[in-house]
Amino acid sequence: MDPSDQKLFTVVDFVIFGVLLAASLGIGLYHALSGGRQRTTQEFLMADRSMKCLPVSLSLIASFQSAVAIIGVPAEIYTHGTQYWFIGCAYILGLLIPAHVFIPILYRLRLSSAYQYLELRFSKPVRICGTLTFIFQMVIYMGVCVYTPAFALNAVTGFELWGTVLATGLVCTLYTTIGGLKAVIWTDVFQTLVMFAGQLAVIVVGVQKTGGVSEVWRKVWEGNRISALDLNPDPTERHTFWTLGVGGVFLMLSLYGVNQAQVQRYLSARTEKDAVRSCYMVFPSLQLALALSCVMGLVMFACYCGEDHSSKLGTASRDAMVISFVMDMLQGLPGLPGLFIACLFSAALSTISSAFNSLATVTMEDLIKPHFPAMTEARATLLSKALAMSYGLLCLAMAYLTHLMGDSVLQVALKIFGMVGGPILGLFCLGIFFPWANSTVSIRRAQHGVACFPTVRFYSLSYMWYSAFNCSTVILIGLIISFLTGPMKAEDVTPGTVYPLLGKLLCFLPERHKKKLCGVTPQVQTVRSRAAPRIVKLVFTRGTSTECILVSGVVAFAL
Ligand SMILES: O=C(O)CCCC[C@@H]1SC[C@@H]2NC(=O)N[C@@H]21
Ligand code: NA
């Protein structure tokens, strides 16, 4: 595609892109001027805990479905076939465990930041560790998300690179800063619908231009792009059912179970039931999003049959090739190129706005408020808005750094989650599933050690195992150290911070056997306030059937 070829974008296309930015700003403005007008941190950061499950579920999709997925997944399917699609199997446990383990615990503790859990369960330093690790992870990820659409468009269409990054970053910073979490969630809803529409348009036009569904199927089948179930147990093999279906579960848990951006949405729900239901509702939409991006890669293959366009494009990046394919398909259809650009930037905006807001929340709740307990609500809200803005500007700087990363954007994003998200998941699992785990200094060292591991040992392991490996390493080291330094006693565990795994697992046993087998399972009462006496009511729980099946399934799977 010759970048100087201007007929690519008609006025209609620019108008559609402009409408996306204007609508996002409008939603931000509406929430700045309605409701409590964003005057308290409860409203600005937690949406007054008044959200219903539908907007929360669409917002949960949007947070980790950015232009990286819109561009990176079709590029992955085009190059390697549909093996990546098996990550959809990881969505089952990857959403069931958050719904039945993480949400009940985190919701009943009535937190604002997920990392407050780490102080309740372990100690303040562990909480700070979790917060700083989260900030590090999201700042880098934000950079990738802003840079990806702008770079890909610029490479193919001559679309002004830094002007677009600036426009996107500023619009996003503005509506996040003035509208708070309510604006972020409602713009996510709107942007998720635009994302689906854009991908659908490319697929419909692409299939039609490539000669119909049967023709597309014939070409991808002959081109050997429909991957069979690859049960190869080799952990260094990049994509197999195990790296995607099992390694992917840990990746999903690190995002949908303990990542502040998602936890904040669960906590903004009106009731715990709404939060759990929103987690269930994510499943079909996430499968749809995955299907759309995989089918887009297949249609692209049917169209180009694996040709390499790097010479024509002047870049070997498969990501840029996806844009070139889209523009080839949509050229001459006024409005559709604009719709796809709106889709690309909707994916980016919905992810970075979630990142800004969650970064402002944890900075406020974990790093500032504890040192200024007497800070007035008005000042705290103002500071939260200033934080959201500063993270917005920081994100633009990170976009430039991404420029230097080079690797395919999907790999970069997934590696970040694995390397940094994995150890945090390990900390939460250690606290939730192992009541005797304690928080000696060494856990923090273990976590940092593991986070730096990838540079030393990981080059051979499939990047899809990073989350699982880091998480298990933190748990293992944490348990060993806890036993060496003296396990925590049940009565010292803060009520409401552990999941009675053994009790649920053996739920089918009669009480007297359970008592003998798992000692006394501390079923902790929901904590009403931090001041709650540290008495653990040692009462048995009869696990609900779903939870029993779920827990047994997890353990069976793990074994
Ligand atoms: O799209 C992105 O920004 C990051 C790549 C996808 C992140 C993971 S992959 C499994 C899960 N499904 C999604 O749509 N996002 C997350
Ligand atoms: Na997004």
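In this text, all values refer to a predicted model and were calculated from it rather than measured experimentally. We count ligands from 1, going down the list as the structure has it; atoms in each ligand are counted the same way.
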Which atoms of ligand 1 are found less than 4.0 Å from any heavy atom of [X]?
{"X": "Ser66", "answer": "1 (O), 2 (C), 3 (O)"}
{"X": "Gln65", "answer": "1 (O), 13 (C), 14 (O)"}
{"X": "Tyr84", "answer": "9 (S)"}
{"X": "Met252", "answer": "10 (C), 11 (C)"}

Could you check whether any side-chain heavy atom of Leu251 comes within less than 4.5 Å of a side-chain heavy atom of Met464, counting everything from C-beta outward?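 Yes, close enough: below the 4.5 Å cut-off.
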
Starting from [atom], locate the nearest protein heavy atom and write down its residue, its atom name and how far away it is, to 0.1 Å.
{"atom": "atom 12 (N) of ligand 1", "result": "Tyr91 OH, 3.0 Å"}
{"atom": "atom 5 (C) of ligand 1", "result": "Leu410 CD1, 3.9 Å"}
{"atom": "atom 13 (C) of ligand 1", "result": "Phe64 O, 3.3 Å"}
{"atom": "atom 8 (C) of ligand 1", "result": "Leu255 CD1, 3.8 Å"}

If you apply the rule salt bridge (Lys or Arg N to Asp or Glu O under 4.0 Å), what do you find for Arg238 with Glu76, and how did you get there? CA-CA 12 Å; Arg238 186 171 163 278; Glu76 162 67 31; 2.5 Å; yes

Please check: side-chain N/O of Gln287 versus main-chain N/O of Gly88, any donor-acceptor pairing under 3.5 Å? yes

Is there a donor-acceptor pair under 3.5 Å between the side chain of Gln262 and the backbone N or O of Gly257? no

Mind running ring pair (Phe, Tyr, Trp, His ring centres under 6.0 Å) on Phe17 and Phe345 for me, showing each step along the way? CA-CA 8 Å; Phe17 182 55; Phe345 282 95; 5.0 Å; yes

Any N/O/S atom from [X] (main chain or side chain) under 3.0 Å of the Na ion (ligand 2)?
{"X": "Ser63", "answer": "no"}
{"X": "Ser354", "answer": "no"}
{"X": "Ala67", "answer": "no"}
{"X": "Thr351", "answer": "yes"}
{"X": "Phe64", "answer": "no"}

About how large, to 10 degrees, is the angle O of Ala347, then the Na ion (ligand 2), then O of Gln65?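 Vertex the Na ion (ligand 2), arms to O of Ala347 and O of Gln65: 100°.
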
Nearest 10°: the angle subtended at the Na ion (ligand 2) by Ser350 OG and Ala62 O?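 OG of Ser350 and O of Ala62 make an angle of 100° at the Na ion (ligand 2), to the nearest 10°.
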
Can you tell me how the ring of His31 sits relative to the ring of Trp186, calling it parallel under 30°, perpendicular over 60° and tilted otherwise?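 Ring orientation of His31 relative to Trp186: parallel.
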
With heavy atoms and a 4.0 Å threshold, my read on which part of Leu286 contacts ligand 1 is side chain

Knowing that exactly one of Ile97, Leu286, Ile103 qualifies, which makes a side-chain contact (heavy atoms from CB on, under 4.5 Å) with Tyr256? Leu286

Going by distance only, is there an N or O of Tyr256 that falls short of 3.5 Å from an N or O of ligand 1?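 Between Tyr256 and ligand 1 (N or O atoms, distance only) the closest approach is not under 3.5 Å.
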
Does ligand 1 come near enough to Tyr141 that some N or O of the ligand is less than 3.5 Å from an N or O of the residue? yes

If the test is ring pair (Phe, Tyr, Trp, His ring centres under 6.0 Å), which one of Tyr117, Tyr499, Phe102 qualifies with Phe428?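 So, applying the ring pair (Phe, Tyr, Trp, His ring centres under 6.0 Å) to Phe428 and each of Tyr117, Tyr499, Phe102, only Tyr117 qualifies.
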
Take atom OH of Tyr30 as the centre, draw a 6.0 Å sphere, and report whether it contains more than 12 heavy atoms from other residues, nucleotides or ligands. no

Worked check of side-chain contact (heavy atoms from CB on, under 4.5 Å) between Leu387 and Leu359: CA-CA 8 Å; Leu387 283 168; Leu359 282 165; over 6 Å; no

Taking the six-membered ring for Trp and the single ring otherwise, decide whether the centroids of Tyr141 and Phe417 are under 6.0 Å apart.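 Yes - the distance between ring centres of Tyr141 and Phe417 falls below the 6.0 Å cut-off.
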
